[in-house]
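See below for the structure under consideration.
Counting starts at 1 for both ligands and their atoms, following the listed order. All values below were derived from every heavy atom in this structure, side-chain atoms included, with hydrogens, water molecules and symmetry-related copies excluded. Along the sequence shown, residues carry numbers from 1.
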Amino acid sequence: MKDTCPSCLARDIAPTESRTRGDRIVDGYRCPRCRHAWATVRDLTAYSELHARRAHNRQRKAAA
Ligand SMILES: [Zn+2]
(Lines give C-alpha, C1' and ligand atoms only; values in the text may rest on other atoms or scores of the structure.)
Protein backbone atom coordinates (compact mmCIF):
# COMPACT_ATOMS: atom_id res chain seq x y z
CA MET A 1 0.00 0.00 0.00
CA LYS A 2 1.39 3.40 -0.96
CA ASP A 3 1.99 6.10 1.63
CA THR A 4 2.86 9.78 1.94
CA CYS A 5 6.29 10.89 3.17
CA PRO A 6 5.86 12.41 6.67
CA SER A 7 8.92 14.60 6.11
CA CYS A 8 8.49 16.27 2.70
CA LEU A 9 4.89 15.08 1.98
CA ALA A 10 5.77 13.40 -1.32
CA ARG A 11 2.83 11.20 -2.26
CA ASP A 12 2.33 7.69 -3.66
CA ILE A 13 5.53 6.17 -2.31
CA ALA A 14 5.62 2.40 -2.66
CA PRO A 15 6.94 0.31 0.25
CA THR A 16 10.48 -0.98 -0.08
CA GLU A 17 9.64 -3.96 2.12
CA SER A 18 6.56 -5.55 3.65
CA ARG A 19 6.70 -7.77 6.69
CA THR A 20 3.91 -9.63 8.45
CA ARG A 21 4.02 -9.81 12.24
CA GLY A 22 1.19 -11.93 13.61
CA ASP A 23 -1.99 -10.21 12.48
CA ARG A 24 -0.17 -7.02 11.51
CA ILE A 25 1.64 -5.97 8.39
CA VAL A 26 4.63 -3.62 8.60
CA ASP A 27 5.46 -1.66 5.46
CA GLY A 28 8.87 0.00 5.30
CA TYR A 29 9.32 3.07 3.11
CA ARG A 30 12.17 5.27 1.94
CA CYS A 31 11.37 8.58 0.30
CA PRO A 32 13.13 8.99 -3.07
CA ARG A 33 12.94 12.76 -2.70
CA CYS A 34 14.34 13.46 0.79
CA ARG A 35 15.63 9.98 1.77
CA HIS A 36 13.50 9.93 4.90
CA ALA A 37 12.75 6.37 6.07
CA TRP A 38 9.67 5.30 8.02
CA ALA A 39 7.40 2.35 8.64
CA THR A 40 3.63 1.99 8.76
CA VAL A 41 1.90 -0.74 10.75
CA ARG A 42 -1.50 -1.93 9.60
CA ASP A 43 -3.87 -4.24 11.38
CA LEU A 44 -4.72 -7.19 9.18
CA THR A 45 -7.75 -8.21 11.25
CA ALA A 46 -9.58 -5.03 10.23
CA TYR A 47 -9.10 -5.95 6.58
CA SER A 48 -10.09 -9.60 6.94
CA GLU A 49 -13.29 -8.54 8.74
CA LEU A 50 -14.13 -6.26 5.85
CA HIS A 51 -13.52 -9.06 3.35
CA ALA A 52 -15.65 -11.49 5.33
CA ARG A 53 -18.53 -9.01 5.36
CA ARG A 54 -18.25 -8.49 1.61
CA ALA A 55 -18.25 -12.21 0.94
CA HIS A 56 -21.34 -12.59 3.13
CA ASN A 57 -23.21 -9.91 1.16
CA ARG A 58 -22.28 -11.59 -2.10
CA GLN A 59 -23.63 -14.94 -0.88
CA ARG A 60 -26.92 -13.31 0.13
CA LYS A 61 -27.32 -11.75 -3.30
CA ALA A 62 -26.62 -15.07 -5.03
CA ALA A 63 -29.28 -16.79 -2.91
CA ALA A 64 -31.97 -14.20 -3.65
ZN1 LIG B 1 10.30 12.82 1.68
Give every donor-acceptor pair under 3.5 Å between a side-chain atom in residues 2-14 and any protein atom, sequence neighbours left out.
| unit_1 | atom_1 | unit_2 | atom_2 | d |
| --- | --- | --- | --- | --- |
| Asp3 | OD2 | Trp38 | NE1 | 3.3 |
| Asp3 | OD2 | Thr40 | OG1 | 2.8 |

Exercise. Which atom pair, heavy atoms only, marks the closest approach of Cys31 to Cys34?
Worked result: SG-N, 3.4 Å
Seminar exercise, completed: Listed as residue and atom, the protein N/O/S atoms under 2.8 Å from the Zn ion (ligand 1) are Cys5 SG, Cys8 SG, Cys31 SG, Cys34 SG
Seminar exercise, completed: In this structure, CZ of Arg30 is separated from NE2 of His36 (nearest 0.5 Å) by 10.0 Å
